[in-house]
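Every heavy atom of this structure was used, including side-chain atoms; hydrogens, water molecules and symmetry mates were not. Every chain is numbered from 1, with letters handed out A, B, ... down the list of sequences.
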Number of protein chains: 2
Amino acid sequence: MFSIGKLAAASHCKIPTIRYYEDIGLLPTPRRSAGNQRIYGDRDLLRLRFIRHGRELGFDLKAIGQLLQFSALDHTASNHQHSHQAEAIAKVQLAATYSRIARLQSLAEELELMLVNCDESNDHQCQVLEVLANHQLCQHH
Amino acid sequence: MFSIGKLAAASHCKIPTIRYYEDIGLLPTPRRSAGNQRIYGDRDLLRLRFIRHGRELGFDLKAIGQLLQFSALDHTASNHQHSHQAEAIAKVQLAATYSRIARLQSLAEELELMLVNCDESNDHQCQVLEVLANHQLCQHH
DNA sequence: CCTTGAAGCTCTAGTTACTAGAGGTTTTAT
DNA sequence: ATAAAACCTCTAGTAACTAGAGCTTCAAGG
Ligand SMILES: [Zn+2]
Ligand SMILES: [Zn+2]
Ligand SMILES: [Zn+2]
Ligand SMILES: [Zn+2]
């Protein structure tokens, strides 16, 4: 039985974010005090921590919504079916993560090259600006 | 002298995106035909390609706006000062890229671990769901 | 009991970089 | 002359929050 402020502190999640999760249906509508303030229980804290942990691991809210359904936190007991679906979502996330890494690595190489060439140009014809103006000068994409 | 459609085709940029860049001031307001349709020239194409190339390299629009100012495309001639500023922006971008890579790599490791542990669990206590519910089970963050 | 400051409430709007669609006009080609 | 393609403006939607205005409620001290 705690207020939204306590819930926020216990979950490392900001108050407006908690209300936002409620708005979009990720958190259930909590009961209210006589004066209309939200009251939460332990179950809500577990659910919110699950959501935040999912976010830290890079899942989007839609995926987290599905994962919650597969978990015991969404009142239907979890079973083997659900576990397999959860794994499928995690695999998609992993693949997306690898492809982002690959893309960022090629960008980093390109940027490094620009900067190195800047240093080596003796009349300093700035390679950052030159390359941006002309994609032909790129090596990696 | 070409229409917005031709400009889009020549720059691999969608039409609404071109109008959006105009709205936010990244592209100058073009002159118009008698019937109010936009007319562009070669200069606009160079500028738009610069912008798009910057986006492909991961710069945000604010950084690209600055880079444009430093470049010869923004009618003030480029000079050494400008080159140094351009390099500074590229260095910031490079650092941000490396830190994103590092973060994604730790996430990928965590996801891999979850999936491996799922496979190894003989009663299949789904580790994806377990880990999400309990950050203590994480190794990497 | 009363007061005051902290915490909570709702609602709106802003962030980033676009994208989609409605409903109307102009161009281009036959 | 007509019809299709391209263009116009304006609004709103995307993801996941965050900030602020203006008002109400709660908790603690005197
Ligand atoms: Zn340079
Ligand atoms: Zn390139
Ligand atoms: Zn599993
Ligand atoms: Zn964790």
Side-chain angles (χ1 to χ4, degrees), chain A residues 1-27 29-40 44 47-68 89 92-93 96-97 100 103 107, chain B residues 1-27 29-40 44 47-68 89 92-93 96-97 100 103 107:
Chain A
M1 305 306 146
F2 28 84
S3 68
I4 196 168
K6 309 293 178 196
L7 182 64
S11 61
H12 306 295
C13 180
K14 292 185 182 162
I15 291 174
T17 304
I18 296 173
R19 292 199 273 246
Y20 169 72
Y21 288 158
E22 180 186 333
D23 283 351
I24 62 171
L26 259 196
L27 286 177
T29 62
R31 61 197 189 80
R32 302 288 187 122
S33 75
N36 198 35
Q37 305 199 347
R38 291 168 177 80
I39 301 172
Y40 296 97
D44 298 301
R47 192 176 174 95
L48 182 52
R49 280 191 176 146
F50 186 104
I51 294 169
R52 290 268 92 198
H53 197 197
R55 291 291 298 133
E56 281 173 32
L57 289 165
F59 293 94
D60 63 23
L61 291 180
K62 189 176 163 224
I64 292 171
Q66 295 176 306
L67 290 166
L68 274 167
I89 289 175
V92 166
Q93 180 62 28
T97 303
R100 266 176 230 141
R103 173 166 165 72
L107 297 186
Chain B
M1 304 308 143
F2 27 85
S3 68
I4 197 169
K6 309 292 178 195
L7 182 65
S11 63
H12 306 295
C13 179
K14 291 184 184 163
I15 291 174
T17 305
I18 296 174
R19 291 199 274 247
Y20 169 71
Y21 288 159
E22 181 187 333
D23 283 351
I24 62 172
L26 260 195
L27 286 177
T29 62
R31 60 195 189 81
R32 300 289 187 122
S33 74
N36 198 36
Q37 303 200 351
R38 290 168 177 82
I39 301 171
Y40 295 98
D44 297 303
R47 193 176 173 95
L48 182 51
R49 279 191 178 146
F50 185 105
I51 294 168
R52 289 268 91 197
H53 199 197
R55 291 293 296 134
E56 281 174 32
L57 289 165
F59 293 95
D60 64 25
L61 291 180
K62 188 176 163 223
I64 291 171
Q66 295 176 306
L67 291 166
L68 273 166
I89 289 175
V92 167
Q93 179 62 28
T97 303
R100 267 178 229 139
R103 174 166 164 73
L107 297 186

Verify the contact: side-chain N or O of A:S33 to OP1 or OP2 of D:dC26, cut-off strictly under 4.0 Å; return yes or no. yes
Look up atom OG1 in A:T97 and atom CG in B:L107, then write down how far apart they are to the nearest 0.5 Å. 6.0 Å
If each of A:Q37 and B:S3 is mapped to the nucleotide of DNA chain D with the nearest heavy atom, which maps nearer the 5' terminus, i.e. the 5' end? B:S3
What is the separation between atom OH on B:Y20 and atom P on D:dC8, rounded to the nearest whole Å? 18 Å
Would B:R47 and B:Y40 count as a side-chain hydrogen bond (donor to acceptor under 3.5 Å, both in side chains) here? Give the steps. CA-CA 11 Å; B:R47 193 176 173 95; B:Y40 295 98; over 6 Å; no
When rounded to whole Å, the CG to P distance for the pair B:L61 and C:dA17 reads 4 Å
Can you tell me how far P of D:dA6 sits from CG of B:L7, to the nearest Å? 15 Å
Indicate, with a heavy-atom threshold strictly under 4.0 Å, whether B:R19 touches base, sugar-phosphate, or nothing. base
Want to settle it: does A:I51 or B:R38 sit nearer the 5' end of DNA chain D, counting the closest nucleotide to each? B:R38
Establish, with yes or no, whether the OP1 or OP2 oxygen of D:dA16 is under 4.0 angstrom from a side-chain nitrogen or oxygen of A:T17. no
A:R55 atom CZ is separated from D:dA16 atom C1', nearest whole Å, by 6 Å
Could you report the tightest heavy-atom contact between A:K14 and A:A8, atom names first, then the distance? C-CB, 4.5 Å
Between A:F2 (CZ) and D:dA27 (C1'), how many Å, whole number? 19 Å
Looking only at heavy atoms, the pair that brings B:P30 and B:R38 closest together is CG-CG, 3.6 Å
How long is the span from the CE atom in A:M1 to the CZ atom in A:R31, to the nearest 0.5 Å? 5.0 Å
Round to a whole Å and report the spacing from CG of A:L27 to P of D:dA16. 14 Å
Tell me what B:F59 touches on the nucleic acid: a base, only sugar-phosphate, or nothing, going by heavy atoms under 4.0 Å. nothing
Starting at atom NZ of A:K14, determine the distance to atom C1' of C:dA7, rounded to an integer number of angstrom. 17 Å
Nearest to side-chain heavy atoms of B:Y21, which nucleotide of D:dT9, C:dT19, C:dC18: C:dC18
Atom CZ of B:R31 and atom P of D:dC7: how far apart are they, to the nearest Å? 16 Å
Categorize A:I24 for me: base, sugar-phosphate, or nothing, with a 4.0 angstrom heavy-atom threshold over every strand shown. nothing
Whether A:R32 contacts D:dT25 is assessed here as follows: a side-chain N or O lying under 4.0 Å from the phosphate OP1 or OP2. Is that the case? no
